[in-house]
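Just so it is clear, the structure is predicted and the values come from calculations on it, not from any experiment. Here is how names work: the chains are called A, B, and so on, in the same order as the sequence lines, proteins then strands, and each is numbered from 1.
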Protein chains: 2
Amino acid sequence: MGGSDLFVGTLDVLILKAVSQGRMHGYAIGRWIRQTTKDALTVQEGALYPALHRLERKGLLEEDWGVSETGREAKYYKITATGRRRLRSEAARWKEYADAVALALAAGEA
Amino acid sequence: MGGSDLFVGTLDVLILKAVSQGRMHGYAIGRWIRQTTKDALTVQEGALYPALHRLERKGLLEEDWGVSETGREAKYYKITATGRRRLRSEAARWKEYADAVALALAAGEA
DNA sequence: GCCTTATACCTTGACCACTTAGGTATCGCG
DNA sequence: CGCGATACCTAAGTGGTCAAGGTATAAGGC
């Protein structure tokens with residue numbers, strides 16, 4: 001199994017990161033997230049596809065159709081310049097946030 | 001300002017942690033979170049109070065009225081045994097999650 | 001030939017935590 | 001007396017995620 005629920009708000013930055021690694025189609029993005037987190041994070045398709053459309057609408061991703069490694073039709077995503085900037089800021093935001101939570105959760109430990 | 005939006009789902013564990021440090025009233029819990037995270041996290045009251053009621057309903061916190069340091073009526077919260085167990089599991093879950101995200105966001109950095 | 005699994009896309013409904021924006025009341029300070 | 005801090009609360013709206021469906025093709029087992 002692996003892969004409990006996502007903390008709302010982290011999906012976008014994960015997607016941006018995945019696509020920043022190179023042109024990738026939706027299904028592969030889900031797989032990328034699962035694999036690079038060693039099965040710790042599993043993205044539901046009902047969250048993934050709406051998120052992709054959202055990011056595309058915001059101009060952070062660009063889409064075009066292509067053929068996957070297995071020879072099927074697939075919608076490929078590419079990160080835009082705006083998307084790359086957003087990735088940087090969101091990743092920084094995440095880091096600050098995670099550090100802050102870690103700080104709080106470590107409180108009281110002499 | 002400091003303190004941008006919370007990532008949904010982290011508030012409960014922060015509250016549990018705060019109260020695990022000792023009997024505390026709601027307003028002080030908000031302050032505790034802000035201070036221990038060095039102003040990185042600010043909890044809106046519209047999120048804080050509902051969360052406290054939620055945790056109390058779930059039996060993770062117990063409440064009773066008392067008098068604050070400044071001499072006012074205040075509703076004090078105490079963590080229950082169940083709450084302490086939940087704190088441990090949620091803190092562990094958070095750590096796994098944060099590690100997983102960090103892993104993903106670090107991908108591709110030789 | 002069939003069935004399952006994996007690939008690859010999608011949508012709809014419901015939930016629920018959070019934001020925004022109010023509200024009440026008391027106290028101390030200038 | 002007004003203002004900020006303390007201390008509690010709620011209601012409406014937003015919006016991301018989950019659960020659960022759906023379509024279609026390809027590969028592999030039996």
If the condition is side-chain hydrogen bond (donor to acceptor under 3.5 Å, both in side chains), which residues does [X] pass it with, not counting sequence neighbours?
X	answer
Arg23(A)	Asp64(A)
Thr37(A)	none
Arg31(A)	none
Thr82(A)	none

Contiguous pairing runs of three or more, Watson-Crick or G-U under 3.5 Å, that involve DNA chain C: C:1-30 with D:1-30
Interface residues of residues 51-60 of chain A with DNA chain C (non-hydrogen, below 4.0 angstrom): His53(A)
Scan for salt bridge (charged side-chain N to carboxylate O under 4.0 Å, His left out) pairs involving residues 95-104 of chain B, sequence neighbours excluded, and state none if there are none. Lys95(B)-Asp99(B)
Please tabulate, for side-chain N and O atoms in residues 48-58 of chain A, each donor-acceptor pair with protein atoms closer than 3.5 Å (sequence neighbours left out).
from	atom 1	to	atom 2	distance (Å)
His53(A)	ND1	Tyr49(A)	O	3.3
Arg54(A)	NH2	Asp12(A)	OD1	2.8

Give the B/S/- string for nucleotides 21-30 of chain C, one per nucleotide from 5' to 3', where a protein heavy atom under 4.0 Å of the base yields B, of only the sugar-phosphate yields S, and otherwise -. B----BB---
In residues 21-28 of chain B, which residues come under 4.0 Å of DNA chain D by heavy atom? His25(B), Gly26(B), Tyr27(B)
What residues join Val8(A) in its hydrophobic cluster, counting side-chain heavy atom gaps under 4.5 Å, either direct or through other members? Val8(B)
Tell me, please, which residues at least two apart from Tyr27(A) pass ring pair (Phe, Tyr, Trp, His ring centres under 6.0 Å). none
